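Quantities reported herein were computed from a predicted structural model and do not represent experimental measurements.
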Amino acid sequence: MSRRRSRRELLTAVPAAAGLAGAAAAGAVLLRSSKGEAKTLSGTCRLCVMQCGLIATSRAGRLERVEGDPKSLTRGFICQHAYALPEIVHHRARLKTPLIREGETLRPASWEQAYEYIRGALEKLAAEHGPQSLVLGTGWPFVRHPLVPWLQRFGAAFGTPNVYTVASLCEASGRMGRALTAGSNFWPDVRLAKTLIVWGANPPVAAPPFSQAVHGMRRPGHELIVVDVRRTDLANQANLFLQVRPGTDLALALGLIHVVLEESLEDKSFVEANCIGLDALKEVVREHRPGSVSELTSVPSEKIVEAARRFARQGPGCIWDGLGIEHHEHGVQTVRALAALQSICGYVGKEGGGVLHEPLRTDFLERPLPTHRALLTPKPVPPTPKAAPLGRDAHPLYHVFNRQAQGNLLPRAVLDDQPYPVRGLMLFGSNPLVTSPNSVRMRKALERLSLLVVADPVLSATAELAHVVLPACTFVEGEEHGDASFRERFVPPQGQAKPDWQILFEIARSSGLGDYFPWKTLAEAHQAPLFPFLEDEERTFRPKRGAEPPRFPTESGKIELVSGLMQRFGYDAVPTWRTPKALSKLGADFPLLLVTGPRTRAFINSQFHHLDALTLVEREPYAEVHPSVAQKIGLSDGERVRVVTPAGDLELRLRVSDRMHPEAVVIPSGWSRGNANFLTDFEGPDPISGFPALRSQVCRLERLPAVT
């Protein structure tokens, strides 16, 4: 048997056989000139969820230049990723033909051959393990993309309930926590706020189009408070910085609430009119005095008091939180605590505070709660699959709010057959081998599958293991993408690449599901009338009629500081601090807390690591520590170190910085070499959302043996 080929070998060998561009430097595409008339179009960038407006110039089928659109909502801003679009589209690593595995090798194939392979494998999968043994997944580029409902339709047509998105470990936890409190997700109205707390987030890096508004909080009469494990550049500009110990954000939030209530700083009239459960909240935070919270979180007690006072007194105020509080065992409860803090200060549902995504509708009492709506799809409506999706029982509220499988449970279903065997996986724009927790176990799961299909513009680390790899268009290619801003394509598809929706529709038709996908174009499909789909009446909740008119879109019609829904599913009805499993493991073997995943400017998760223009910015992953940590092991900045956790170990270069919390080791994620998820596990996930505790695991650092 021939050996498994490395990713570097595949990237250089497969493209040549598949008719890809040669080995010219990636940056060269930016310098080539093309003959012909230039064409300029405007549209919306889809590289991340910021969706910046852009203007693209192409000539003779090549994308030559990208600029920000000053007439768009983002007023001409685009980031380095959008500027790199010509390289992204025309890079030598682009997949331009389907690939099918033969032993240890991926060989070029036609679309017909690829579809025939998938059809046969799906038939065998359903016959041997049942249709529920197939899982469909999609990553970041498609979270707010029109592909998701079509994946759910395909799943139902095939008979599987298992469709998951990147919501399994991103954004859903925060959305759930806010909706469990106020009945709707809400966003921070930074433009009109007087006080802003940025907590576990880094907007200048993760949301650069809106960083100017955040920086504007430094003007007179405004307050900027930052809570983070690292003293970020934004923290250096803040009026107040609270450097929190990893994994203790919930305790800190409860401490702030304690100060507000103890000093009677709450908005009493707002709370009386709009909230229920204040007495229960008071009881929970009674013991969270600044002194005891300081010991737990390492934030000085005087800073806890000062932050609470500033936030409550200088209103309206809002909180911009991020994955820094979601990737913990108490992620949803931490979000709920921050929502409660904003609520008792009277800021939720107000300009300059937390603006509701889904405010009360006139027919509110006649419909399910807005966050629990049934899905819709055109006729013919596929039957609801008989099996329950992964996670419906383990994390029931995740299913209530998302109507999706919890993707982090995939390895358990593949390797342990729990709750039933899964043997097939079809991925669109997803790279779970790099982005999901415990990459060692994930790799074992992927290698056990009888069918792994990956549709992606490039050969990802996950695609290297696939049975079938399908070349997908980037968002600037193809005839249409279901977005009104892309009525005309910027450039034609590269090679034989196809839009993701077209790939899915054609797989359906070639696999005998064509009756459910009769449309020739995505626009035609979108114009079809919609009907209820995948209904789950048992998990659909409705408002309760009361004497008073509802004020917020919750069951009670008020902000629920005590959540009846949480209580109904066996969770703490009020956010309650309990020592996370990770903190209980701290000791001589693992004295440090591991934080994985903070974004860097160069990349978006596992995307774009193949681009020369961006790897010049960030050449390799690293382990960032406080000088006191480096001193204890006798290493200095730039030396290599071994990071060890209960899940595995990894060698990385050390970055020493006094901006770090002295108990923390921070490692960026997204690298296939130096993959931080070789260090993470899925023990102690958030019981409500199923999110992994990627930012509060335990570790130790070891010197590497001397080379002789």
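Side-chain contact annotation: Thr462 with Ser460, donor-acceptor N/O pair under 3.5 Å absent. A side-chain donor-acceptor contact under 3.5 Å links Ser168 and Gln406.
With a 4.5 Å cut-off on side-chain heavy atoms, Pro378 and Pro529 do not count as touching. Trp150 is not listed as a side-chain neighbour of Trp501, based on a closest heavy-atom distance of 4.5 Å or more. The side-chain heavy atoms of Gln152 and Gln404, taken from C-beta on, include a pair separated by under 4.5 Å. The shortest side-chain heavy-atom distance between His395 and Ile688 does not fall under the 4.5 Å cut-off.
Environment of CD in Glu555: crowded, with over 12 heavy atoms of neighbouring residues, nucleotides or ligands closer than 6.0 Å.
Cation-pi geometry between Arg153 and Phe517 is met: under 6.0 angstrom from the ring centre, within 45 degrees of the axis.
With respect to the salt-bridge test (charged N to carboxylate O, under 4.0 angstrom), the residues Arg441 and Asp416 qualify. The existence of a salt bridge linking Glu116 and Arg119 is confirmed by a sub-4.0 Å separation between a basic side-chain nitrogen and an acidic carboxylate oxygen.
Aromatic ring pairs are classed by plane angle as parallel below 30°, tilted from 30° to 60° and perpendicular above 60°; the pair Tyr115 and Trp111 is tilted. Using the six-membered ring where Trp is involved, Phe541 and Phe569 have ring planes that are perpendicular, over 60° apart on the 30 and 60° scheme.
The two residues Leu365 and Pro543 make their nearest non-hydrogen contact at CA-CG, 3.8 Å.
The side-chain contact (heavy atoms from CB on, under 4.5 Å) test with Val148 is passed by exactly one of Thr165, Leu375, Leu136: Thr165.
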